[in-house]
Protein chains: 2
Amino acid sequence: MKLGDGVEQAIHCVAILAALPKDGLLPAAALAEFHGVSTSYLLKHLQTLSRAELVQSVPGPTGGYRLARAPEDITLLDIVLAVEGPEPAFRCKEIRQRGPNPLPGYMFKAPCQINRVMLRAEKAYREELRQVTIADLAAQVRTDDTEGLIEARGCAFFDAAMRHYAP
Amino acid sequence: MKLGDGVEQAIHCVAILAALPKDGLLPAAALAEFHGVSTSYLLKHLQTLSRAELVQSVPGPTGGYRLARAPEDITLLDIVLAVEGPEPAFRCKEIRQRGPNPLPGYMFKAPCQINRVMLRAEKAYREELRQVTIADLAAQVRTDDTEGLIEARGCAFFDAAMRHYAP
DNA sequence: CAATCGTGGATAAATAATATCTATGATTCG
DNA sequence: CGAATCATAGATATTATTTATCCACGATTG
């Protein structure tokens, strides 16, 4: 059981975008540099978030990304499902029916009980994530992430950020 | 986010072992054939379960596997953690600190809030699995899985089972 | 018109999961 | 005692998935 790195990157990106001033924009390259990941790779996730309508992209020389909705309306679950996909972690392969012996199919009308329990646990997992919004995280992100940026003059991220949201 | 196939195999194996008569033994080859997977591969997971002291192995021509504890004392979480490993699905990479800009380390004393939320969700997930024991599943397994076996004469699984737990 | 940026697909590299094989040691049965 | 059966454990191949990069295209701004 593992969660891809993309999830962490995506969450941090959304959190930082939430900390931008109103109508602020941040180019993908700036987000990538700040996180120390390749721009091309991060773009993949940003575009996924864009398709999921969690963020908006603005093309052009002064373009970039911003949130598509209010921070209160974006939950961690939204981000995780967008990046990781909606399929549950446990997929019942119905191995009960795979044996070479002629187990009659009518014995398996009922869905596998094991599958049922595993999915119930996953539902609890998602429910927890659904209750946390980006707005809930915003305060700390503003403190931990962006406050550092203010001091980081000369950093390309800072330059880009200033150029975009404080022209 | 994905759970390996081994989890499903392991759970079914444990469930079937729970349905055996007292002191019954089942060879790995029989379990593998019944599930339609290779013996060598299933052995890997059975040995993992053995190391986790969820099942016991008995060597020798009439050997095989049986539960190491009462079905009421084996939870789904035990099996999932044994096979999948105890590490959480979300591992905070602290990408806040990875950027090329000289963000001072003292800004990151507090553990990442995102990490905290993700782990809380995973805790809820595990709590659900902890509340389901093999005994809870045993009734249905006995009906769905082993009842079919009783009719499956000529199947090597049936032969092995009979040879072992009803000598 | 030119520079900048996002889009999207194709693709390569890296990593992990899956599956198999072989050798070894222990145990039981004839 | 010896042969057969089984679990153990490590090595290894195979496949799938993840991660990462690249390039051509279209849109937008100045």
Side-chain angles (χ1 to χ4, degrees), chain A residues 1-10 13 17 25-33 35-53 55-66 68 83-85 87 89-91 93 95 98 156 159-161 163-164 167, chain B residues 1-10 13 17 25-33 35-53 55-66 68 83-85 87 89-91 93 95 98 156 159-161 163-164 167:
Chain A
M1 180 145 169
K2 219 190 59 179
L3 227 47
D5 289 349
V7 174
E8 186 174 6
Q9 299 177 11
C13 285
L17 292 180
L25 286 171
L26 218 44
L31 286 167
E33 185 189 4
H35 286 136
V37 300
S38 84
T39 304
S40 335
Y41 188 46
L42 186 64
L43 272 174
K44 188 172 194 166
H45 299 308
L46 286 175
Q47 288 168 16
T48 300
L49 293 176
S50 179
R51 272 188 291 271
E53 299 189 358
V55 304
Q56 281 178 345
S57 67
V58 176
T62 59
Y65 284 95
R66 69 179 159 216
V83 175
E84 205 72 9
E87 318 86 35
F90 183 86
R91 303 105 194 252
K93 299 285 197 317
I95 64 179
R98 286 184 44 188
D159 295 341
R163 180 157 49 85
H164 281 79
Chain B
M1 182 150 168
K2 218 188 63 179
L3 227 46
D5 290 349
V7 175
E8 186 173 4
Q9 299 176 11
C13 284
L17 291 180
L25 287 171
L26 220 42
L31 285 168
E33 185 189 3
H35 287 135
V37 301
S38 85
T39 304
S40 335
Y41 188 45
L42 187 62
L43 273 175
K44 193 169 193 166
H45 298 307
L46 286 175
Q47 288 168 15
T48 300
L49 293 176
S50 180
R51 271 188 294 270
E53 299 188 359
V55 305
Q56 280 179 346
S57 67
V58 175
T62 57
Y65 284 96
R66 69 178 158 216
V83 175
E84 205 71 9
E87 318 86 35
F90 184 85
R91 306 105 194 254
K93 299 283 199 315
I95 65 179
R98 287 183 43 188
D159 295 341
R163 180 157 49 85
H164 281 80

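As a basis for the values below, the full set of heavy atoms in this structure was taken, side chains included, without hydrogen atoms, waters or symmetry mates. Letters A, B, ... mirror the listed sequences (proteins, then strands); counts begin at 1.
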Within residues 45-53 of chain A: residues closer than 4.0 Å to DNA chain D (heavy atoms)
none
Calculate the interatomic distance between Tyr65(B) atom OH and dA26(C) atom P; express it in whole Å.
16 Å
Within a strict 4.5 Å, meaning less than it, do heavy atoms of the Leu3(A) and Glu84(A) side chains meet?
yes
Just so I know, are the side chains of Tyr65(B) and Leu26(B) near enough to count as touching, which here means a heavy-atom distance under 4.5 Å?
no
note: Arg91(A), atom CZ; dT17(D), atom C1'; distance rounded to Å ~ 11 Å
Please report the closest heavy-atom contact between Val83(B) and Ala10(B), naming both atoms and the distance.
CG2-CB, 3.6 Å
Can you confirm whether Cys13(B) sits close enough to Leu46(B) that some side-chain heavy atom of one is under 4.5 Å from a side-chain heavy atom of the other?
yes
If you look at every strand shown and take non-hydrogen atoms under 4.0 Å, does Ala29(B) touch a base, only sugar-phosphate, or nothing?
nothing
Please give, in whole Å, the distance from dT22(C) C1' to Leu43(B) CG?
13 Å
Close N/O contacts between protein and nucleotides 20-28 of chain D (under 3.5 Å):
{"unit_1": "dA20(D)", "atom_1": "N6", "unit_2": "Lys44(A)", "atom_2": "NZ", "d": "3.4"}
{"unit_1": "dT21(D)", "atom_1": "OP2", "unit_2": "Ser38(A)", "atom_2": "OG", "d": "2.4"}

In this structure, CG of Leu17(B) is separated from CG of Leu25(B) (nearest 0.5 Å) by 9.0 Å
If you measure from CD on Glu8(A) to NE2 on His45(A), what distance do you get to the nearest 0.5 Å?
11.0 Å
Drop me the distance from Leu42(B)'s CG to Gln47(B)'s CD, to the nearest 0.5 angstrom.
10.0 Å
Interatomic distance, Lys44(B) atom NZ to Leu49(B) atom CG [nearest 0.5 angstrom]:
13.5 Å
Between P on dA17(C) and CD on Glu84(B), what's the gap in Å once rounded to a whole number?
7 Å
Leu3(A) CG to dT19(D) P, straight-line distance once rounded to whole Å
9 Å
Specify the separation, in whole Å, of atom CD of Gln56(B) and atom P of dC6(D).
19 Å
